[in-house]
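Below: one structure, written as structure tokens.
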Number of protein chains: 2
Amino acid sequence: MPTSGDGAAKEHRTVSRVTTILELAAAGPGGVRLSELAEQLGAPRSSIHGLVKGLVATGYLREEDGAYTIGPAVGTLLAAATPSIEQAARPVMRRLGERFGETVMLAEPVGDSVVYTETVESTQMIRYSAPLRTRRPLYPTSSGKCVLAFARKRFRDNYLSAHVPDGEQRNRVEQELTEIAETGIAVNRGETMPDVYGIGVPVLVGERVLAVLATAGPSHRMAGRVDEIAAAARLAAREVSELITRRG
Amino acid sequence: MPTSGDGAAKEHRTVSRVTTILELAAAGPGGVRLSELAEQLGAPRSSIHGLVKGLVATGYLREEDGAYTIGPAVGTLLAAATPSIEQAARPVMRRLGERFGETVMLAEPVGDSVVYTETVESTQMIRYSAPLRTRRPLYPTSSGKCVLAFARKRFRDNYLSAHVPDGEQRNRVEQELTEIAETGIAVNRGETMPDVYGIGVPVLVGERVLAVLATAGPSHRMAGRVDEIAAAARLAAREVSELITRRG
DNA sequence: GCCGTATGTTCGTATATATGAATACGATGA
DNA sequence: TCATCGTATTCATATATACGAACATACGGC
């Protein structure tokens, strides 16, 4: 998998013609006629004829009285454009937050960190207030644990060897991550800040963790219902995943 | 020019592939890889490779880390979609109406009539109140005169022979229409309703009259400034024409 | 009504492009 | 570090498609 940036985006005559046809159809008031398309493209009518008919068949062009205009399919391209994960997650997060009265965050992995890109804060007096758009470590945050647990072996090993002392502790952490990978639930029991619990569940698309849905709050409210919250969060994460994978 | 409705919109393999690629790129969250495109299309990677590169070159696809997403050019298709003539005309009409304190209408030719599709009414006590969306004759309305003056010879002759008595009167009308074609200004001096003046100027796109911008009001306010209003209206009509022809 | 012109459509051939094998490259796991 | 895998890319050849001419059809002016 070459991380190739572009690779000399070569031109392709037919493709260029197709796109130009669409552009001309979009620009021309009341549509464009076949002859005009041919003229603008510097190609014979008969050549454009086939392309245009093909575009009509696929709904990208509409034929109206011999004039061609942009068809309905073009709009669906943008409409079907996958909503950003933040957009998709927001309503789901809100429901989750209201149900348990705790703060819910969406964390996305970036490099050797996670970043909270969206939060729905609890309305309780005592609550976890999330630092939006700042980097947090991959351990021992609940979000980070999720990322590590589902990350590639090499990446995980690299990170752990740099951030967790070798020996007994390392083994415990690796054991924990293995369990997280199995259960799909990561918990931070006051490891970052005493008295703050976090529960992270991955938003999975295929094998990849696109983001983590994390619920956080004071231990006295969280400790007794970790399983309950985790179960609900897993359903919520699954819903987000479906929202961003289903095609429009 | 066959008025053909469609003509058996045949499919075109390459075109279908291009459109499907766009759809897949729009649907897939975070983009689609070349291999997946090839698989979904049931075609070899190498075949899709060329198409994809072509789409990247034209801006319809964006390559990001080996994954393809919808490119910026797609949005411009819809953005560049020509605004309806009503939309384009509305602000121009408003300015014109305010400047002279008279009612301004946009008339579009339909069959043997014109229809007012948009109006900006004067705020004066005495004003011309326009009948929106009803058919008006092509003569002697100022809008209709404009349409006739720029219409094809055959169409014009047909209409006149059906609506204007042969002989002296017919000659005068034809003379009037010729002048209108030269000046680009049609005036209705109380010919439809006594005391109501109308000034029509064509919104031309190429040779065609897409619509007519008509300013109407009571003769005592209009008669003395026909030329002034007509000059301003011509500029306004030209502006509308440019708005709907310029490509985005 | 007739003819001249412009447009869309069809058809057999030339050619650009799709194909599939082979190559190059990066990532992954031991 | 090495071998393995999957992916993107290149290249010579087969083929779908673009070409240009001829045909059909509608429209314009006389």
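To find a chain, count down the sequence lines: A is the first, B the second, and so on, and within it residues start at 1.
- Within a heavy-atom distance below 4.0 Å of DNA chain D, the residues of residues 147-157 of chain B found are Arg152(B), Lys153(B), Arg154(B).
- Counting non-hydrogen atoms of other residues, nucleotides and ligands closer than 6.0 Å to CZ of Arg170(B) gives a total above 12.
- For Leu210(A), the side chain to side chain contact (heavy atoms under 4.5 Å, CB included) partners are Ile85(A), Val205(A), Arg208(A), Ile244(A), not counting sequence neighbours.
- Rounded to an integer number of Å, the gap from Glu207(B) CD to dG28(D) P is 13 Å.
- Of all heavy-atom pairs between Arg234(B) and Val201(B), the closest is CG-CG1, 3.8 Å.
- Considering only residues two or more places apart in sequence or on other chains, Pro140(B) meets the side chain to side chain contact (heavy atoms under 4.5 Å, CB included) condition with Lys145(B), Glu191(B), Thr192(B).
- Separating the CZ atom of Arg45(A) from the P atom of dT25(D) is a distance of 17 Å, rounded to the nearest angstrom.
- dG8(C) atom P lies 9 Å from atom CD of Glu63(A), rounded to whole Å.
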Stepwise side chain to side chain contact (heavy atoms under 4.5 Å, CB included) check, Leu138(A) with His163(A): CA-CA 9 Å; Leu138(A) 291 184; His163(A) 294 83; over 6 Å; no
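- The distance between atom CZ of Arg208(B) and atom C1' of dC27(D), rounded to the nearest whole Å, is 13 Å.
- No donor-acceptor pair closer than 3.5 Å links the side chain of Arg62(A) to the backbone N or O of Gly31(A).
- Under the rule for a side chain to side chain contact (heavy atoms under 4.5 Å, CB included), the partners of Gln87(B) that lie at least two apart in sequence or sit in another chain are Pro83(B), Ser84(B).
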Listed pairs, N/O of protein and of nucleotides 15-17 of chain D, under 3.5 Å:
from    : atom 1 : to       : atom 2 : distance (Å)
dT17(D) : OP1    : Thr14(B) : N      : 3.4

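- For the OP1/OP2 pair of dA8(D) and a distance below 4.0 Å, the side-chain nitrogens and oxygens of Ser35(B) include at least one atom meeting the criterion.
- Although no hydrogens or angles enter the test, the distance criterion places no donor-acceptor pair under 3.5 Å between the side chain of Ser142(A) and the main chain of Asn188(A).
- Atom NE2 in His49(A) sits about 19 Å away from atom P in dA22(D), given to the nearest Å.
- Look at CD on Glu36(B): it is 13 Å from C1' on dT7(D), rounded to the nearest Å.
- For Glu86(B), the CD atom counts as densely surrounded, since its 6.0 Å shell holds more than 12 non-hydrogen atoms of other residues, nucleotides or ligands.
- For dA8(D), neither phosphate oxygen OP1 nor OP2 lies less than 4.0 angstrom from any side-chain nitrogen or oxygen of Lys53(B).
- Checking side-chain atoms of Thr19(B) against main-chain N and O of Val15(B) turns up a donor-acceptor pair under 3.5 Å.
- Residue Arg17(A) places none of its side-chain N or O atoms closer than 4.0 Å to OP1 or OP2 of dA16(C).
- Rounding to whole angstrom units, CG of residue Leu37(A) and P of dT9(C) are separated by 12 Å.
- Rounded to whole Å, atom P of dG28(D) lies 11 Å from atom CG of Asn158(B).
- Within residues 169-184 of chain A, no residue has any heavy atom closer than 4.0 Å to DNA chain D.
- In this structure, Ser46(A) reaches the bases: a heavy-atom distance under 4.0 Å links it to at least one base atom across the strands shown.
- Looking at every heavy atom in both residues, Cys146(B) comes nearest to Val209(B) through O-CG2, 4.4 Å.
- Of the residues near DNA chain D, Pro44(A) and Leu34(B), the one whose nearest nucleotide (by heavy atom distance) lies more toward the 5' end is Leu34(B).
- In terms of heavy atoms, Asp112(B) sits closest to Tyr159(B) at O-CE1, 3.6 Å.
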